[in-house]
Amino acid sequence: MIKAVKGTRDILPPASRVWNHVEEVARAVMHSYHYGEIRTPIFEETSLFARGVGEETDIVSKEMYTFEDRDGASLTLRPENTAGVIRSFIEHRLDQVPGLTKVYYIGPMFRRERPQKGRYRQFAQIGAEAIGSESPAVDAEVIEMVIEILTRSGLEGFRLLINSVGCKECRARYVAELRRQLAASAANLCQDCRRRVETNPLRVLDCKVPEDQPVIDALPSILDFLCEPCKTHFAAVRTYLDDRAIQYEIRPRLVRGLDYYMRTTFEVVHGALGAQNSVLGGGRYDGLAESLGSKVPAPGIGFSIGEDRLVMSVEEAQPDRHKDAADLFIAPMGDNALRHAALLARDLRRNGARVGIAFEGKLKRILELANKTGARYVLIVGDNEIQSGAYTLKNMATGEQESVSRERLTEVLYGGNH
RNA sequence: GUGGGUAUAGCUCAGUCGGUAGAGCGCUGGAUUGUGGUUCCAGAUGUCGUGGGUUCAAAUCCCACUACCCACCCCA
């Protein structure tokens with residue numbers, strides 16, 4: 001039997017309803033913040049991610065789906081979408097378009113990792129980017145927007161974590177200091193951390209090995225190393241979040257994995273996700289456009305929600321809020337009735353009702369089916385009903401039946417008295 | 001890439017000391033000519049993950065492999 005490849009999966013109805021719901025909420029919220037949808041290709045030149053995400057990151061060094069095109073070009077399935085959006089921004093000279101560039105995307109990303117709870121090789125992200133301003137007010141609005149999406153999706157019990165990772169200059173000073181202190185206590189660190197001291201000292205900060213915690217606790221906070229502009233920026237972000245009464249926790253240890261982040265970084269965590277407790281991550285990336293070849297500065301900030309994880313968390317909160325069920329299920333008695341019922345179903349559907357129709361089977365069987373699928377009403381259409389112009393409408397919850405005209409049927413379905 | 005766990009019906013799982021497989025749910029038909037849910041009756045579905053070994057005999061013991069899950073690394 002051919003099965004879905006490792007780390008990929010089918011989203012079937014009715015579970016797909018939750019996905020639809022989450023996406024509808026996200027679109028509505030982002031439209032209300034005046035974001036427009038951007039659709040970029042699902043694969044790009046490999047060099048885009050190497051330069052954008054960072055050559056040394058795990059994503060680029062060992063997780064990309066890279067393949068050679070027939071003409072020899074190296075292409076890669078996108079592992080994230082910020083680099084693609086910035087590429088598009090530069091290519092189409094969106095800096096020339098009046099106002100901030102505010103775009104969102106929903107779609108699949110690909111990383112060749114070992115799958116586990118909340119982690120897939122093909123996964124979906126809902127993300128947004130606001131490009132063209134360094135203002136901390138934009139940071140706050142982006143965070144407000146993403147919190148709005150989570151809340152209106154029905155997510156409960158999540159926590160917002162924020163931090164500032166500084167700019168090139170102040171982070172470099174901080175990293176140097178970390179290296180200095182960690183080198184001194186390397187003997188007390190786990191294998192991974194000893195390696196991290198060389199590769200990426202910031203990662204030592206969120207090491208989970210208990211034995212390492214004393215050393216980590218003694219390390220300085222990056223917030224004490226921020227230069228004046230970065231300090232001011234972070235303070236302003238916090239003020240704007242306070243204005244909105246958005247609850248957050250400052251986590252100086254919060255480091256994001258992608259190289260391009262600077263200044264504001266944030267993350268939302270939720271308990272339903274196992275070891276991958278992060279529902280979304282985001283941050284500011286002021287130098288990214290230039291490093292991808294933009295001749296003009298294009299400071300930006302964005303986030304991406306792990307849609308798989310959000311859906312998982314929402315399901316945890318409200319397991320059966322989204323049921324698939326027909327408003328009306330039509331039971332035609334015989335071939336004549338089926339032809340009549342088909343036209344009736346079409347008209348009712350055009351008016352927005354969710355209508356099912358039984359193409360075969362005895363009435364008993366059809367009622368069983370309607371019952372199992374949760375249909376609210378069954379309409380029995382037989383030759384005598386067609387002739388008399390009065391159908392038999394059965395309320396499946398109460399078992400009551402009435403003889404209804406076409407007008408009365410419409411009234412029951414759309415009249416709001418049910 | 002590393003570690004641990006699991007693998008028996010569509011799903012969730014039981015299966016004793018090695019004697020050739022079961023339950024619940026679901027599915028199909030009937031009790032009911034055009035009336036569902038509850039109930040009753042009947043029925044179908046298995047490469048016991050794959051391959052090998054031990055044995056008169058393997059779902060069960062041994063070996064290898066594969067898949068899935070969880071965790072590490074890292075991230076959404």
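Small disclaimer: the values here were computed from a predicted structure and weren't measured. The figures here come from the full heavy-atom set of this structure, side chains too, leaving out hydrogens, waters and symmetry mates. Below, chain A is the first sequence line, B the second, and so on; all start at residue 1.
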[X] [atom1] - [N] [atom2] separation (whole Å):
{"X": "A/Arg78", "N": "B/rA76", "atom1": "CZ", "atom2": "P", "answer": "15 Å"}
{"X": "A/Glu113", "N": "B/rU2", "atom1": "CD", "atom2": "P", "answer": "16 Å"}
{"X": "A/Tyr120", "N": "B/rC69", "atom1": "OH", "atom2": "C1'", "answer": "11 Å"}
{"X": "A/Asn200", "N": "B/rC74", "atom1": "CG", "atom2": "C1'", "answer": "11 Å"}
{"X": "A/Trp19", "N": "B/rA76", "atom1": "CH2", "atom2": "P", "answer": "16 Å"}
{"X": "A/Phe329", "N": "B/rG34", "atom1": "CZ", "atom2": "P", "answer": "17 Å"}
{"X": "A/Met396", "N": "B/rG37", "atom1": "CE", "atom2": "C1'", "answer": "8 Å"}
{"X": "A/Ile366", "N": "B/rG29", "atom1": "CD1", "atom2": "P", "answer": "12 Å"}

Just N and O in the side chain of [X]: are any of them under 4.0 Å from OP1 or OP2 of [N]?
{"X": "A/Lys62", "N": "B/rC75", "value": "no"}
{"X": "A/Gln125", "N": "B/rA76", "value": "no"}
{"X": "A/Lys362", "N": "B/rG30", "value": "yes"}
{"X": "A/Arg309", "N": "B/rC75", "value": "no"}

Please confirm whether the backbone N or O of A/Val355 pairs with a side-chain atom of A/Arg349, one donor and one acceptor, at under 3.5 Å?
yes
Side chain proximity check, A/Tyr377 to A/Leu409, heavy atoms < 4.5 angstrom:
no
So A/Thr264 and A/Val142, do their side chains get closer than 4.5 Å, heavy atoms only?
no
So what does [X] hit on the nucleic acid, given a heavy-atom distance under 4.0 Å: a base, only sugar-phosphate, or nothing?
{"X": "A/Val279", "result": "sugar-phosphate"}
{"X": "A/Ala337", "result": "nothing"}
{"X": "A/Arg9", "result": "nothing"}
{"X": "A/Gln401", "result": "base"}
{"X": "A/Leu280", "result": "sugar-phosphate"}
{"X": "A/Gly118", "result": "base"}

For [N] versus [M], give the span between their [atom1] atoms, rounded off to a whole number of Å.
{"N": "B/rU28", "M": "B/rA44", "atom1": "C1'", "answer": "7 Å"}
{"N": "B/rG46", "M": "B/rA59", "atom1": "C1'", "answer": "11 Å"}
{"N": "B/rU12", "M": "B/rG26", "atom1": "C1'", "answer": "11 Å"}
{"N": "B/rC25", "M": "B/rG19", "atom1": "P", "answer": "28 Å"}
{"N": "B/rC61", "M": "B/rA7", "atom1": "P", "answer": "11 Å"}
{"N": "B/rG4", "M": "B/rA64", "atom1": "P", "answer": "13 Å"}
{"N": "B/rU2", "M": "B/rC65", "atom1": "P", "answer": "12 Å"}
{"N": "B/rC40", "M": "B/rG34", "atom1": "C1'", "answer": "23 Å"}

Is any NZ, NE, NH1 or NH2 atom of the basic residue among A/Glu45 and A/Arg87 found under 4.0 Å from an Asp or Glu carboxylate oxygen of the other?
no
Taking the side chain of [X] as heavy atoms from C-beta outward, which of [options] is closest to it?
{"X": "A/Ala275", "options": "B/rC72, B/rG36, B/rC27", "result": "B/rC72"}
{"X": "A/Leu363", "options": "B/rC69, B/rC75, B/rG34", "result": "B/rG34"}
{"X": "A/Gln116", "options": "B/rA76, B/rC74, B/rC70", "result": "B/rC70"}
{"X": "A/Lys117", "options": "B/rA76, B/rU35, B/rA71", "result": "B/rA71"}
{"X": "A/Lys6", "options": "B/rC68, B/rC27, B/rC75", "result": "B/rC68"}
{"X": "A/Glu63", "options": "B/rU35, B/rU28, B/rC74", "result": "B/rC74"}

Name the pairing partner of [N], where a pair is Watson-Crick or G-U wobble with both distances under 3.5 Å, or state none.
{"N": "B/rG3", "value": "B/rC70"}
{"N": "B/rG37", "value": "none"}
{"N": "B/rC25", "value": "B/rG10"}

Regarding [X] and [Y], do their side chains bring together a donor and an acceptor under 3.5 Å, going by distance alone?
{"X": "A/Tyr240", "Y": "A/Glu144", "value": "no"}
{"X": "A/Tyr104", "Y": "A/Arg27", "value": "yes"}
{"X": "A/Tyr248", "Y": "A/Asn163", "value": "no"}

What verdict does the salt bridge (charged side-chain N to carboxylate O under 4.0 Å, His left out) test give for A/Arg203 and A/Asp58, after you've listed the backbone C-alpha separation in whole Å, the side-chain angles of each residue and the deciding distance to 0.1 Å?
CA-CA 12 Å; A/Arg203 294 242 68 96; A/Asp58 279 29; over 6 Å; no
With a 3.5 Å cut-off and just heavy-atom distances, do the side chain of [X] and the base of [N] make a donor-acceptor pair?
{"X": "A/Lys364", "N": "B/rU32", "value": "no"}
{"X": "A/Glu385", "N": "B/rG34", "value": "yes"}
{"X": "A/Arg114", "N": "B/rA71", "value": "no"}
{"X": "A/Asn371", "N": "B/rG37", "value": "no"}

Of A/Ala4 and A/Thr398, the one whose nearest nucleotide on RNA chain B sits closer to the 5' end is A/Thr398
On RNA chain B, check which nucleotide each of A/Arg365 and A/Glu80 is closest to and give me the residue with the more 5' one.
A/Arg365
At their closest point, which heavy atom of A/Gly84 faces which heavy atom of A/Glu44, and how far apart are they?
CA-OE2, 3.8 Å
